[in-house]
Q: 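My structure is below; once you've seen it, I'll send some questions.
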Amino acid sequence: MKNFKRHTITAALPYANGPLHIGHIAGAYLPADTYVRYLRLKGEDVVFICGSDEHGVAITLGAKKEGVTPKAFVDKYHSLMKKAFGDFGISFDIYSRTSNPVHYETAQEFFKNIYDKGIFLEETSDQYYDEQEGIFLADRYIIGTCPKCGNPNAYGDQCEKCGTSLSPRELINPRSTVSGKTPVLKPTKHWYFPLDKYESWLKEWIVEGHKDDWKTNVYGQCKSWIDQGLQPRSITRDLDWGVPVPLKDGKGKVLYVWFDAPIGYISATKELKPNDWKKYWQDPESRLIHFIGKDNIVFHCVIFPSILKAAGGYVLPDNVPANEFLNLEGDKISTSRNHAVWLHEYLQDFPGRRDELRYMLTSISPETKDADFTWKDYQSKVNSELVAILGNFVNRVMVLTWKYFDGKVPSAHELPATDDRRKKILNKYNQAHTDLNTSVKDMIAALDDFRFRESQFHMMNLCRIGNKFLADTEPWKLAKDDMEAVGSILNYALTVVGNIAIACEPFLPDTAKNIKSQLNSSAIDASWKEFWKKQQLIDPVPQNHQLGKAELLFKNIEDEEIDKQVAKLKKPKVVEEQKSESAVKPLKAQVTIDDFSKLDIRVGKVLAAEKMEKSDKLLKLTVDTGVDQRTVLSGIAKHYSPEEMVGKQVTLIANLAPRKMMGIESQGMILMAEDADGKLRLLQPNEVVNPGSTVS
RNA sequence: GGCGCGGUAGCUCAGGUGGUUAGAGCGUUGGAUUCAUAACCCAAAGGUCGGGGGUUCAACUCCCCCCCGCGCUACCA
């Protein structure tokens, strides 16, 4: 690997519309924090950058639903997340936010820079504008009469009845679905970033250049994207919340959120280092690493680097160690179903147990595939690894030293004396020493390679070897007649404890501190960073040094504690205010009873059902509508199997214009309820009725 | 459906460019031990390496087909 002078480490900017859960932590922030702590311990020059991503439509909608301004909305979640990160001990050098003035300036400069180079494409088009709401309307927020078939409720992008794809301007009598008013046509200009022009460069840089050093999941995802062909991406929006487009004709427009968000890394660095931020982003000897979840791969590997490239003079990410996802008790983590372990709640329920969560999340880190967090597993990891292996080892060494030497580090005597017992001790010592140094090297090699799970395992090996060393040498037996040997053994055991205190710091910072304080190390640990340079055991505790009192590092997690957590998941709490509200869609424009009565809604019975060829979502249903039997296609394949649909009563719109999908005509539409998760459930009468019964 | 990433002991995972009895930790069982939070140490049992073909003297490792999980993408009227 190239030798870099400094490191710029970023962790994905979390979106400021909800609290953090363990999936976020395991995906990006914990690995990033572990890596950064490691770099700092090595004495590297490193900045660790993060902040809240606070722009985008989702924020404005969320704010609207809570009846607050976007600013107030993001303020709330920004401080919530910042506090949770702080409480958990993620050691950002700065946790900033994209609503900061510095960020506005930076993002605008970026835009201007690329704009001035003439790289952007500009396109002006007439778009409908809702004068009452003062907003431009996206195509699907406009309805009107279809020019082809006369359907009065065709959407701006497509008519449901005849299936023709439309543009909003073809509609007769367009209406805004937001206000119900007639929108007016206004020209609006947008800017596009020509990603396609960077295709060959991306191929060279990623497909060829990072074939071997990027993770397979990351590389594969990028290659797939690039191979599919890239297209210009619009990077501006008609919106009043965000970074204003810094051009004369950019009034009322903001930078699209994915354009401004990654620039947030740079603005945050500026905020942190106003005078020399540039070297972290522009000096080729700076190593840029993005820690993200897999949902962010293309932005960080393809789009943002292209933007950096266009801006010119910026370093590109050297690596993007993206993690897969974390599941919880066998299910996807879901905010709306409250199927999640919220970071702030964990910290409340398990005070003083930050390292336990770190340990658990690292040991199941979704580095190569989705992982599953279970509370039972958490308990087992804490009890049988942290308590039994690490905590126990440190404790028994401390207790032995106090017992035999009043807590003073005994001297190491030359042991290879004549008798066999001492020879055996020397053998065991040599064995342990070799194994320990191997583990240290393995641990550090894995850290360099972003393999944190494995690295942490090697760290724990130090404790395993330590335990074995004690069991092999049995100092408590020697105490009867060979205190010199006991002293040598404990001297070495304390050396191991000291090295563990150093080695565990990237993974378990609180534990490191705790062990150090038990070793009473404040006066002696100045040279301990040598460990990271030499990549081998150092001699951290001098003889005669007075130790502090022994204290247990970890407590066992009792069954009741995890039972409580599991129960909490099973019984989703009476959903919290803003969470449920933000999941509910806004009301559509008012209709009259006449509008409603045009619909022929009736109950039918499913006679047959089969999967559509080549489709993941569509089921082909044969429905008895009372008046006929017909074929209806429905996008419910993810939610219902063909078998369970047969015989079911369904509600359908029977007079909807037929529509061809995947080569087959659908004659009607099955009504479904969709919850916040996107989960679909059939709408049925609560008692069986005759097929053909109408709904009104 | 297309593309990408995975599918190895009960659980979490290792297994460059194919080569003797497929490994580790945790769990389980048995033993030993008492310095230690019934912890530690030793040992054993546990896998037709998702399924089926093929290439090869030899495949977990290469090729083809299929199944399952996850993600991106198209069809959800």
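Every chain is numbered from 1 and lettered A, B, ... according to where its sequence line falls, protein lines coming before strand lines.
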Q: Mind jotting down which residue pairs meet the side-chain hydrogen bond (donor to acceptor under 3.5 Å, both in side chains) criterion with at least one end in residues 394-406 of chain A? Sequence neighbours excluded, please.
A: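 Residue pairs passing side-chain hydrogen bond (donor to acceptor under 3.5 Å, both in side chains), neighbours aside: Arg396(A)-Asn467(A).
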Q: Can you tell me, in whole Å, how much space there is between the C1' of rG47(B) and that of rA9(B)?
A: 5 Å
Q: Between Leu682(A) (CG) and rC76(B) (P), how many Å, whole number?
A: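 That distance rounds to 19 Å.
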Q: Distances under 3.5 Å between protein N/O atoms and the N/O atoms of nucleotides 6-10 of chain B, please, pair by pair.
A:
{"from": "rG6(B)", "atom 1": "OP1", "to": "Thr216(A)", "atom 2": "OG1", "distance (Å)": "3.3"}

Q: How far does the P atom of rG19(B) sit from the matching atom of rG23(B), given to the nearest Å?
A: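 Those two atoms are separated by 13 Å.
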Q: Got a donor-acceptor contact below 3.5 angstrom from the Asp372(A) side chain to the Glu329(A) backbone?
A: yes
Q: Heavy atoms only, 4.0 Å cut-off, all strands: where does Ser634(A) land among base, sugar-phosphate and nothing?
A: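 The answer is sugar-phosphate, as Ser634(A) gets under 4.0 Å only of primed atoms, P, OP1 or OP2.
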Q: Could I get the full list of salt bridge (Lys or Arg N to Asp or Glu O under 4.0 Å) partners for Asp481(A), not counting sequence neighbours?
A: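 So Asp481(A) forms a salt bridge (Lys or Arg N to Asp or Glu O under 4.0 Å) with Arg421(A).
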Q: The criterion is ring pair (Phe, Tyr, Trp, His ring centres under 6.0 Å); which residues satisfy it with Phe393(A), sequence neighbours excluded?
A: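 Listed in chain order: nothing, the list is empty.
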Q: Can you list everything that forms a ring pair (Phe, Tyr, Trp, His ring centres under 6.0 Å) with His339(A)? Sequence neighbours excluded, please.
A: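 Per chain and number, His339(A) pairs via ring pair (Phe, Tyr, Trp, His ring centres under 6.0 Å) with no residue.
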Q: Can you measure Asp442(A) atom CG to rG15(B) atom P for me and round it to whole angstrom units?
A: 13 Å
Q: Could you pull out the protein-nucleic contacts involving nucleotides 71-74 of chain B (nitrogen or oxygen on both sides, under 3.5 Å)?
A:
{"from": "rG71(B)", "atom 1": "OP1", "to": "Lys332(A)", "atom 2": "NZ", "distance (Å)": "2.6"}
{"from": "rA74(B)", "atom 1": "N6", "to": "Asp616(A)", "atom 2": "OD2", "distance (Å)": "3.1"}

Q: Can you tell me the distance, in whole Å, between the CG atom of Leu490(A) and the C1' atom of rC35(B)?
A: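 Atom-to-atom, Leu490(A) to rC35(B), this comes out as 9 Å.
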Q: What's the gap between rG69(B) and rU8(B) when it is taken at their C1' atoms, as a whole Å value?
A: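 Approximately 16 Å lies between the C1' atom of rG69(B) and that of rU8(B).
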Q: Just to verify, what does Tyr429(A) make a ring pair (Phe, Tyr, Trp, His ring centres under 6.0 Å) with, not counting sequence neighbours?
A: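 Once residues adjacent in sequence are excluded, the partners of Tyr429(A) under the ring pair (Phe, Tyr, Trp, His ring centres under 6.0 Å) criterion are His433(A), Tyr492(A).
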Q: Calculate the interatomic distance between Asp227(A) atom CG and rC5(B) atom P; express it in whole Å.
A: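 Whole-Å distance recorded here is 11 Å.
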Q: Dot-bracket for RNA chain B, 5' to 3', with Watson-Crick and G-U pairs under 3.5 Å, [ ] for crossing pairs and | for other-strand pairs: what is it?
A: (((((((..((((.....[...)))).((((.........)))).....(((((..]....))))))))))))....
Q: Is the distance from OP1 or OP2 of rA14(B) to the nearest side-chain N or O of Arg453(A) less than 4.0 Å?
A: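 Yes, such a contact exists.
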Q: Taking rU55(B) as the reference, what is the distance to rU61(B) when you measure between their P atoms (whole Å, please)?
A: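 Rounded to whole Å, the distance is 15 Å.
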Q: Quick one: what's the B/S/- string for nucleotides 36-42 of chain B, heavy-atom cutoff under 4.0 Å, read 5' to 3'?
A: BB-SSSS
Q: Atom CD of Glu367(A) to atom C1' of rA14(B): distance rounded to whole Å?
A: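 Nearest whole value for this atom pair: 12 Å.
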Q: Trp375(A) CH2 to rC11(B) C1': how many Å, rounded?
A: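 About 18 Å, once rounded to whole Å.
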Q: Which part of the nucleic acid does Glu385(A) contact within heavy-atom distance under 4.0 Å: base, sugar-phosphate only, or nothing?
A: sugar-phosphate
Q: rG4(B) C1' sits how many Å from Ile206(A) CD1, rounded?
A: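 These atoms are roughly 14 Å apart.
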Q: Please list, one pair per line, the donor and acceptor atoms closer than 3.5 Å that link side chains of residues 380-387 of chain A to other protein atoms, with sequence neighbours excluded.
A:
{"from": "Asn383(A)", "atom 1": "OD1", "to": "Ile557(A)", "atom 2": "N", "distance (Å)": "2.7"}
{"from": "Asn383(A)", "atom 1": "ND2", "to": "Ile557(A)", "atom 2": "O", "distance (Å)": "3.1"}
{"from": "Ser384(A)", "atom 1": "OG", "to": "Ser380(A)", "atom 2": "O", "distance (Å)": "2.6"}
{"from": "Glu385(A)", "atom 1": "OE1", "to": "Tyr359(A)", "atom 2": "OH", "distance (Å)": "2.5"}

Q: Angle between ring planes, Phe452(A) versus Phe291(A), binned at 30° and 60°: parallel, tilted or perpendicular?
A: tilted
Q: How is Lys477(A) classified with respect to the nucleic acid when contacts are heavy atoms under 4.0 Å: base, sugar-phosphate, or nothing?
A: sugar-phosphate
Q: Considering only the C1' atoms, how many Å lie between rC5(B) and rA24(B), rounded to the nearest integer?
A: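 Those two atoms are separated by 24 Å.
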Q: For His24(A), enumerate each residue passing the ring pair (Phe, Tyr, Trp, His ring centres under 6.0 Å) test, keeping only those at least two apart in sequence or located in another chain.
A: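 Result, ring pair (Phe, Tyr, Trp, His ring centres under 6.0 Å) vs His24(A): His21(A).
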Q: Where each residue is assigned the nucleotide of RNA chain B containing its nearest heavy atom, which of Tyr404(A) and Ser363(A) is assigned the position nearer the 5′ end?
A: Ser363(A)
Q: Got a salt bridge between Glu324(A) and Lys369(A), using NZ or NE/NH1/NH2 to carboxylate O under 4.0 Å?
A: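 A salt bridge is absent here (no side-chain N lies under 4.0 Å from a carboxylate O).
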Q: Rounded off to whole Å, could you give me the CE-to-C1' distance for the Met460(A) and rC13(B) pair?
A: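 Going from CE in Met460(A) over to C1' in rC13(B) covers 16 Å.
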Q: Answer syn or anti for rG46(B), where the cut-off is 90° from 0 on the glycosidic torsion.
A: syn
Q: Using the C1' atoms only, state how far rA32(B) lies from rU17(B), rounded to an integer number of Å.
A: 45 Å
Q: Quantified in whole Å, what is the P atom distance between nucleotide rG50(B) and nucleotide rG6(B)?
A: 13 Å
Q: Salt bridge check, Glu484(A) against Arg422(A): does any charged N sit closer than 4.0 Å to a carboxylate O?
A: yes
Q: Looking at the rings of Trp225(A) and Tyr198(A), which for Trp means the six-membered one, are their centres under 6.0 Å apart?
A: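 Ring-ring flag for Trp225(A)/Tyr198(A): false, centres at least 6.0 Å apart.
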Q: Whether the side chain of Asp600(A) engages the backbone of Ala654(A) through a donor-acceptor N/O pair (distance < 3.5 Å, no angle test) should be reported.
A: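 Not confirmed, Asp600(A) side chain does not pair with Ala654(A) backbone.
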Q: Applying salt bridge (charged side-chain N to carboxylate O under 4.0 Å, His left out) as the test, list every pair that has at least one member in residues 424-438 of chain A; sequence neighbours left out.
A: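 Those involving residues 424-438 of chain A are Lys428(A)-Asp472(A).
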Q: When rounded to the nearest Å, what value does the distance between C1' atoms of rG18(B) and rC63(B) take?
A: 13 Å
Q: Would you call the rings of His300(A) and Phe304(A) parallel, tilted or perpendicular, taking 30° and 60° as the class edges?
A: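 Judged by the thresholds at 30° and 60°, the geometry between His300(A) and Phe304(A) is perpendicular.
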Q: Would you call Lys555(A) and Glu561(A) a salt bridge, taking side-chain N to carboxylate O under 4.0 Å as the test?
A: no
